[in-house]
Amino acid sequence: MSQVDGAEVARRYEDLRAAVLGGPDGGSRHGRAVLARSGMAAWIKAVARIPRPSWVVRQRPPAPTEVAGELVEVLASMAWTAAGGCRSG
């Protein structure tokens with residue numbers, strides 16, 4: 001069995017936690033069943049035997065309200081610049 005350092009175990013635990021809290025699979029790809037059935041020690045042993053995936057889990061896209069707010073700021077800035085900016089008389 002290969003050795004996994006503490007930082008790697010912590011990263012994998014955080015992957016599991018994030019998947020359970022909001023992932024589409026509810027954490028099944030990250031060992032949720034092992035953790036629930038056999039506990040943390042068994043989960044750590046299992047994690048040591050599972051190679052880390054080469055792909056990166058994408059975070060959720062920003063909420064539409066965040067994007068809309070940023071878009072309004074950009075468009076307002078463009079309009080302001082096109083109109084000549086601030087002209088004091």
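Source: prediction; values computed, not measured. Note that these values count all heavy atoms, side chains included, but never hydrogens, waters or copies made by symmetry. Index from 1, following the sequence.
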Heavy-atom nearest pair, V34 first then A46, reads CG1-CB, 4.2 Å
By side-chain contact (heavy atoms from CB on, under 4.5 Å), A36 pairs with (sequence neighbours left out) none
**OP:** Ignoring hydrogens and angles, tell me if any N or O in the side chain of S77 forms a donor-acceptor pair with the backbone of E73 under 3.5 Å.
**Re:** no
So CG of L35 and CZ of R17: to nearest 0.5 Å the spacing works out to 12.5 Å
Got W43 and R32 here, is their nearest side-chain heavy-atom distance under 4.5 Å? no
If we only count heavy atoms from C-beta on, is the R12 to L16 side-chain gap below 4.5 Å? no
Residues passing the side-chain contact (heavy atoms from CB on, under 4.5 Å) test with A7, sequence neighbours excluded, are D5, R11
